[in-house]
Enquirer: 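This is the structure I want to talk about, given as structure tokens.
Each residue takes its place number in the sequence, starting with 1. Note that the structure is a prediction, hence the values are computed from the model and not measured. First listed ligand is number 1; within each ligand, the first listed atom is number 1. Hydrogens, waters and symmetry mates are skipped; everything else that's a heavy atom, side chains included, is used.
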Amino acid sequence: MAIKTIITEPNEILRQISKPVSSVGNQERKLMDDMLETMYAANGIGLAAIQIGVPKRIIVMDISKDGKKNPMYFVNPKIKNKHKEKSTYEEGCLSVPNYFAEVDRPKYCEVEYLDYQGENKILKAEGLLATCIQHEMDHLEGVLFIDYLSKLKKTMIVKKLSKRKSNTDRIIV
Ligand code: GNR
Ligand code: NI
């Protein structure tokens with residue numbers, strides 16, 4: 001397993017549309033292992049492959065709280081059903097470090113996907129699980145949570161992130 005670098009805004013890679021995986025083999029499982037390790041190291045609760053630069057429709061998540069690990073793996077996820085009722089959650093993103101904002105999303109959804117073994121599964125999600133899986137599935141379409149904010153808020157965040165980026169570049173060089 002290996003910890004990979006998480007790509008942050010602004011970066012065009014994050015806007016790519018990820019490609020479906022044809023089957024879940026050892027290469028995909030290795031990628032999922034690396035994604036999970038990278039996510040745990042960054043204290044995140046979810047990670048899409050594109051966040052480490054791999055444009056495949058693969059997501060890992062772990063929303064458990066009690067310190068007991070409960071990794072979840074989603075390959076080629078599809079939303080089957082989403083509730084009209086919305087819930088608001090204060091979201092963050094490892095690709096938008098240190099910014100948080102409230103986002104409305106469907107409160108319940110059903111997701112069909114392939115698991116770590118390549119088996120077809122259906123998950124009925126609500127609460128944080130529903131919020132997180134929808135946040136991750138947005139990454140597969142090149143969408144970030146800041147895209148739901150006002151233009152002004154979004155521009156301010158991206159500006160600050162790019163400023164911070166050029167500063168750290170200078171420090172490193
Ligand atoms: O770690 C994360 N926390 C989080 C909190 C609220 C809603 C969504 C998330 S996902 C985020 C990790 C991440 O960026 N996944 O793409
Ligand atoms: Ni994210």
Enquirer: In the protein, what heavy atom is nearest to atom 14 (O) of ligand 1, and what distance, to one decimal place, separates them?
Expert: L94 N, 2.8 Å

Enquirer: Using a strict cut-off of 4.0 Å, indicate which atoms of ligand 1 neighbour a heavy atom of G44.
Expert: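 Those of ligand 1 that fall under 4.0 Å from G44 are 1 (O).
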
Enquirer: Would T88 and E102 count as a side chain to side chain donor-acceptor pair (under 3.5 Å) here? Give the steps.
Expert: CA-CA 6 Å; T88 308; E102 289 192 338; 5.6 Å; no

Enquirer: So do the side chains of Y113 and I59 get within less than 4.5 Å of each other, counting heavy atoms only?
Expert: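 Side chain of Y113 against side chain of I59, heavy atoms only: no contact under 4.5 Å found.
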
Enquirer: Which ligand 1 atoms are under 4.0 Å away from a heavy-atom of C93?
Expert: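 So the answer, numbered in order with elements, is 14 (O).
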
Enquirer: Quick one: angle C93 SG - the Ni ion (ligand 2) - H139 NE2, to the nearest 10°?
Expert: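 About 100°, to the nearest ten degrees.
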
Enquirer: Among all protein heavy atoms, pick the one closest to atom 10 (S) of ligand 1 and tell me residue, atom and distance.
Expert: E136 OE2, 3.5 Å

Enquirer: Please say yes or no: joined through hydrophobic side-chain contacts below 4.5 Å, possibly via intermediate residues, are Y73 and L129 part of one cluster?
Expert: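 Per the 4.5 Å side-chain linkage, Y73 and L129 are not co-clustered.
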
Enquirer: L94, F100: one ILVMFWY side-chain cluster at the under-4.5 Å cut-off?
Expert: no

Enquirer: Just to confirm my output: which protein heavy-atom neighbour is closest to atom 8 (C) of ligand 1, and how far is it?
Expert: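 Of every protein heavy atom, H135 ND1, 3.6 Å lies nearest to atom 8 (C) of ligand 1.
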
Enquirer: Does ligand 1 have an atom under 4.0 Å from some heavy atom of E90?
Expert: yes

Enquirer: So, do R105 and F145 sit near enough that their side-chain heavy atoms are less than 4.5 Å apart?
Expert: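 Side chain of R105 against side chain of F145, heavy atoms only: contact under 4.5 Å found.
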
Enquirer: Could you tell me whether some N/O pair between S95 and ligand 1 is separated by less than 3.5 angstrom?
Expert: no

Enquirer: Using heavy-atom distances, let me know which of G46, C132, P97 sits nearest atom 13 (C) of ligand 1.
Expert: G46

Enquirer: Can you tell me which residue and heavy atom of the protein come closest to atom 3 (N) of ligand 1, and the distance to 0.1 Å?
Expert: I45 CG1, 3.3 Å

Enquirer: Could you identify the single nearest non-hydrogen protein atom to atom 7 (C) of ligand 1 and state the distance to 0.1 Å?
Expert: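 Protein heavy atom with the smallest distance to atom 7 (C) of ligand 1: E91 CG, 3.5 Å.
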
Enquirer: If hydrophobic clusters are built by linking Ile, Leu, Val, Met, Phe, Trp and Tyr wherever their side-chain heavy atoms come under 4.5 Å apart, do L114 and I58 end up in the same one?
Expert: yes

Enquirer: Are R164 and L161 side-chain neighbours, meaning at least one heavy-atom pair lies under 4.5 Å?
Expert: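 SC-SC contact between R164 and L161 confirmed.
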
Enquirer: Closest non-hydrogen protein atom to atom 9 (C) of ligand 1, residue and atom name please, with distance?
Expert: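 So the nearest neighbour among protein heavy atoms is G92 O, 3.5 Å.
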
Enquirer: State plainly whether the residues D34 and K30 are in salt-bridge range, i.e. N to O under 4.0 Å.
Expert: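 Yes, this pair counts.
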
